[in-house]
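Data first, discussion second: the structure below is written as structure tokens.
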Amino acid sequence: MKYRSTRGDMELQPFSDILLEGLAPDGGLALPQSLPRIGAETLESWRALRYPELAAEVLGLFITDIPKSDLSRLTQAAYHTDAFASSEIVPLKPLSKGLSLLGLSEGPTLAFKDMAMQFLGQVFEYVLDKRHASITILGATSGDTGSAAEYALRGKRGISVFMLSPYGRMSDFQRAQMYSLQDRNIHNLALKGVFDECQDIVKSLSSDLAFKSAYHLGAVNSINWARIAAQVVYYFWGWLRATSGQNAGHAQQVSFAVPSGNFGNILSGHIAREMGLPIRRLVLATNENNVLEEFFRTGVYRPRSAAQTYATSSPSMDISRASNFERFVFDLVGQDADRVRELWHELEQKGEFDLSAMQPDFEARYGFVSGVSTHADRLDTIRSVHRDAGLLIDPHTADAVKVAAAYVEPGVPMLALETALPAKFSETIVEAIGRPAPVPEHLQELASLPQRVEVMDCDARLVREYIKQHA
Ligand SMILES: *Cc1c(COP(=O)(O)O)cnc(C)c1O
């Protein structure tokens, strides 16, 4: 399996090479040259597998430059009860007739980003070890991604992590989670600024090519293909768990509802569907930042400026420019890299592009439908799920459940992806039901642990100096 770029100007590369890169050299995103197809028999043969075994099968289709036995070892280490609270790794939780949660938040940081990051940590260490190489991960976070990366990369050989976060702007829980890590290869820098300024410093240091190569700077952001591939696994898992496998067999379809921001999670669903997994609908849910909902409704893609991006109570979806969207558009336009380049040129010139002529295809050919959920919807949904199913869900998951409700059909199981646990966003839980969400037992003493963080002014030169001294 070799990888190409959505902009068409990259030599074919094996997985291990694109693993360590961010954007492709032509500014595009890496994709498999062609997708593996999974037939009904193969699918049935996977039914008895445990999660790490299924992960080795699915990832083995995308990763052909790592021996299968090594890959199995990596998935066993990634998806282990040392890191995941559920012995199933990804449990299904029934909510109501036809609607269940796919529990993607049992990992160390209580959010679905752990699903991909735990594997990324293992495969990074493996590839770096083989190459006798090292890497410096530089990132910026407003909460979820940074902590998932740190928990996955802590203590890993050949990897140091420098994570910039906005000083005083994360929740107590998020701060305690990140800053209590004492591993020597993890460096938390709290900058006296906002998230966008942290992000700008990452961009400025990464575009300094001399610095980048001297310190082997790398990224773990959501465009990394290994993250997308690792997420494909749980669509297969969800389908296998939601279908009986007896009489209905392979014809049985399942729909998935996905709370979306950067289009990473639902892109993995699209990949699974293109591989032949019987997915009926991919239901894309946004919050008030509805750029993607608008696209699937109208065919016009019109990203907003930072100033027009609202701060909402599902903050991990407050995104105005979906960084993985280009991979889906590549498929939409018949994998025509020239057309992708034209569209992104148009986007730069006019701030939007228009594929409304293809809009009927979005559902008919690709299964995509979309909907918006607001703050009031989140509170209502959290309340009603709590009342009717006795389960507490987080605000992002509530967005998915709200939008999914309109698309539940008899005979087609609907799985709403649970992308975080409520303890992480307890303020909104208090607003909805009048009391906080319970904190999982193993995290209860988190707040009292000593914290290790370097506070500094928001200045790229200070960050650069710090990396020079500590990498
Ligand atoms: C990152 C995140 C999302 C959005 O996922 P994308 O892959 O960016 O679409 C949704 N919910 C939570 C809790 C997240 O952390």
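Only this structure's heavy atoms are used, side chains among them; waters, hydrogens and symmetry mates stay out. Order of appearance sets the numbers: ligands from 1, and atoms from 1 within every ligand.
Counting only heavy atoms of the protein, atom 6 (P) of ligand 1 lies nearest to Asn262 N, 3.5 Å. Looking from atom 10 (C) of ligand 1 to the surrounding protein, the closest heavy atom is Pro259 O, 3.6 Å.
Counted by atom type alone, Arg227 and Asn224 present zero donor-acceptor pairs between their side chains at under 3.5 Å. Residues Glu106 and Ser86 bring no donor and acceptor atom of their side chains to less than 3.5 Å of each other. For the 3.5 Å distance criterion, the side chains of Thr309 and Asp318 fail to qualify, holding no donor opposite an acceptor.
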Applying side-chain contact (heavy atoms from CB on, under 4.5 Å), run through Leu392 and Ile433 and close with a yes or a no.
-> CA-CA 9 Å; Leu392 260 184; Ile433 64 161; 3.8 Å; yes
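Each of the atoms 4 (C), 6 (P), 8 (O), 9 (O) of ligand 1 lies under 4.0 Å from some heavy atom of Gly261. Distances below 4.0 Å separate heavy atoms of Thr419 from the following atoms of ligand 1: 10 (C), 11 (N), 12 (C), 13 (C). Atom numbering of ligand 1 starts at 1 in the shown order; those under 4.0 Å from a heavy atom of Lys113 are 1 (C), 2 (C), 3 (C), 14 (C), 15 (O). Using a 4.0 Å cut-off to heavy atoms of Phe112, the atoms of ligand 1 that qualify are 1 (C), 2 (C), 3 (C), 5 (O), 7 (O), 14 (C). Under a 4.0 Å criterion applied to the non-hydrogen atoms of Asn265, ligand 1 contributes the atoms 7 (O). If you number the atoms of ligand 1 from 1 as listed, the ones under 4.0 Å from a heavy atom of Ala420 come out as 13 (C).
A salt bridge does not link Lys402 to Asp399: none of the charged side-chain nitrogens sits closer than 4.0 Å to a carboxylate oxygen. Salt bridge present: Asp144 and Lys424 bring a charged side-chain N and a carboxylate O closer than 4.0 Å. Salt bridge annotation for Arg241-Glu88: absent, with no cationic side-chain nitrogen under 4.0 angstrom from a carboxylate oxygen.
Looking at ligand 1, you won't find any N or O of Ser260 less than 3.5 Å from one of its N or O atoms. At least one N or O atom of Gly264 sits closer than 3.5 Å to an N or O atom of ligand 1. Considering backbone and side-chain atoms together, Met317 places no N or O closer than 3.5 Å to any N or O of ligand 1. Polar contact check, Asp394 against ligand 1: no nitrogen or oxygen pair lies under 3.5 Å apart. Looking at ligand 1, you'll find an N or O of Asp144 within less than 3.5 Å of one of its N or O atoms.
No more than 12 heavy-atom neighbours from other residues, nucleotides or ligands sit within 6.0 angstrom of CD on Glu427. In the displayed structure, Tyr167 atom OH is contacted under 6.0 Å by at most 12 heavy atoms of other residues, nucleotides or ligands.
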